[in-house]
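Predicted model only: the values in this text are computed from it and were never measured. Note that these values count all heavy atoms, side chains included, but never hydrogens, waters or copies made by symmetry.
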Amino acid sequence: MTLKLQPNMTQSARDIQICEDYWAYDHKSYYIEHVKAVCLKYNISSHDLFKEVGQCFAYLDDVRCVCCGYVCPVQVPADIPYMRSIENWCCEICEYTTWQEYQQNR
């Protein structure tokens with residue numbers, strides 16, 4: 001897997017480690033238990049965990065838009081296998097542009 005994280009400039013080393021631990025979910029254990037374990041490790045609430053994780057841009061660098069080559073962003077670990085299963089992924093911008101062109105040519 002080639003999940004990459006791009007932290008926010010304001011995130012501390014601890015914040016980045018929280019994000020890395022969250023995204024280290026192995027898909028073999030229960031997701032809720034994984035979240036609880038990360039929260040327990042850092043003594044934070046799930047609200048604080050997701051607030052921090054939301055500050056860090058997570059993406060798959062091996063799944064790219066077939067039109068423009070943009071990397072595939074992911075919001076939750078469950079997105080990873082799903083996005084990799086899509087044969088020809090298209091980013092929202094290219095998808096919208098294609099839709100607009102289709103509407104104009106009807």
Side-chain angles (χ1 to χ4, degrees):
M1 284 191 196
T2 54
L3 175 77
K4 303 287 184 183
L5 300 177
Q6 184 176 6
N8 184 309
M9 290 176 42
T10 62
Q11 288 184 294
S12 68
R14 180 180 183 267
D15 298 338
I16 294 168
Q17 189 61 53
I18 290 170
C19 292
E20 288 175 356
D21 286 355
Y22 169 79
W23 283 104
Y25 176 65
D26 63 7
H27 299 278
K28 295 175 184 163
S29 59
Y30 291 107
Y31 173 73
I32 300 298
E33 295 305 317
H34 172 72
V35 169
K36 286 179 182 178
V38 174
C39 290
L40 185 62
K41 179 178 179 178
Y42 293 98
N43 194 29
I44 57 176
S45 68
S46 59
H47 175 77
D48 290 338
L49 170 67
F50 291 118
K51 182 178 174 186
E52 206 55 61
V53 168
Q55 295 291 313
C56 191
F57 178 66
Y59 63 94
L60 299 172
D61 70 348
D62 61 334
V63 178
R64 296 185 175 261
C65 175
V66 295
C67 299
C68 71
Y70 183 69
V71 295
C72 177
V74 290
Q75 302 296 319
V76 293
D79 288 347
I80 297 169
Y82 173 73
M83 297 311 287
R84 285 207 168 106
S85 72
I86 298 173
E87 191 169 319
N88 292 313
W89 178 74
C90 189
C91 72
E92 289 179 3
I93 294 169
C94 291
E95 192 174 85
Y96 179 72
T97 302
T98 303
W99 178 82
Q100 278 187 321
E101 290 171 358
Y102 172 77
Q103 293 298 321
Q104 290 173 355
N105 294 327
R106 285 183 7 164

Problem - Within one Ile-Leu-Val-Met-Phe-Trp-Tyr cluster: Ile18 and Leu40, side-chain cutoff 4.5 Å - result: no
Fill in the blank from the handout: Between Gly69 and Arg64, the two heavy atoms sitting closest are O-NH1, 2.9 Å
Practice task
State the SG-CD1 distance between Cys72 and Ile86, to the nearest 0.5 angstrom.
Solution key: 7.0 Å
Handout entry: Side chain to side chain, Val76 and Asp79, heavy atoms closer than 4.5 Å
Key = yes
Practice task
Determine the minimum heavy-atom distance between Val71 and Asp61, stating which atoms define it.
Solution key: CG1-CA, 4.2 Å
Exercise for the section: With rounding to the nearest 0.5 Å, note down the distance linking CG in Asp62 to NZ in Lys4. Expected result: 9.5 Å
Exercise for the section: Sorted by first residue and then second, give each salt bridge (Lys or Arg N to Asp or Glu O under 4.0 Å) pair with at least one member in residues 21-30; sequence neighbours left out. Expected result: Asp21-Lys41
Practice task
Give me the other members of the hydrophobic cluster that Trp99 sits in, counting Ile, Leu, Val, Met, Phe, Trp and Tyr linked by side-chain heavy atoms under 4.5 Å, directly or via other members.
Solution key: Tyr96
Practice task
Provide the closest heavy-atom pair for Cys67 versus Cys94 in the form atom of the first, atom of the second, distance.
Solution key: CB-SG, 3.6 Å
Practice task
Mind checking the OH-CD spacing from Tyr42 to Glu52? Nearest 0.5 Å is all I need.
Solution key: 11.0 Å
Practice task
Nearest 0.5 Å please: distance from the CZ atom of Arg14 over to the CD atom of Gln17.
Solution key: 10.5 Å
Handout entry: Atom pair CZ (Phe57) and SG (Cys19), whose distance is rounded to the nearest 0.5 Å
Key = 13.0 Å
Practice task
Can you measure from CD1 (Ile93) to CD (Glu95) and round to the nearest 0.5 angstrom?
Solution key: 11.0 Å
Exercise for the section: Work out which heavy atom in Cys68 is nearest to a heavy atom in Cys91; give both atom names and the distance. Expected result: SG-SG, 3.8 Å
Practice task
Would you mind reporting whether Gln55 and Asp15 have side-chain heavy atoms less than 4.5 Å apart?
Solution key: no
Handout entry: ILVMFWY cluster, Ile44 and Ile16 together (side-chain gap under 4.5 Å)
Key = no
Practice task
May I ask whether Val66 and Tyr70 are part of the same hydrophobic cluster, defined by side-chain heavy atoms of I, L, V, M, F, W, Y residues being less than 4.5 angstrom apart, directly or through others?
Solution key: no
Practice task
Without swapping roles, check the side chain of Tyr59 against the backbone of Val63 for a donor-acceptor pair under 3.5 Å.
Solution key: no
Exercise for the section: Report yes or no: do Trp23 and Tyr30 belong to one cluster of Ile/Leu/Val/Met/Phe/Trp/Tyr joined by side chain heavy-atom distances under 4.5 Å? Expected result: no
Handout entry: Minimal non-hydrogen separation, Ala24 against His34, with atom names
Key = C-CE1, 4.3 Å
Exercise for the section: Look at the rings of Tyr22 and Phe50 and say which category their plane angle falls in: under 30° parallel, 30 to 60° tilted, over 60° perpendicular. Expected result: perpendicular
Practice task
Look at atom CD of Glu92 and say whether more than 12 heavy atoms of other residues, nucleotides or ligands are closer to it than 6.0 Å.
Solution key: no
Exercise for the section: Kindly check if the number of other-residue, nucleotide or ligand heavy atoms within 6.0 Å of CD (Gln75) is above 12? Expected result: no
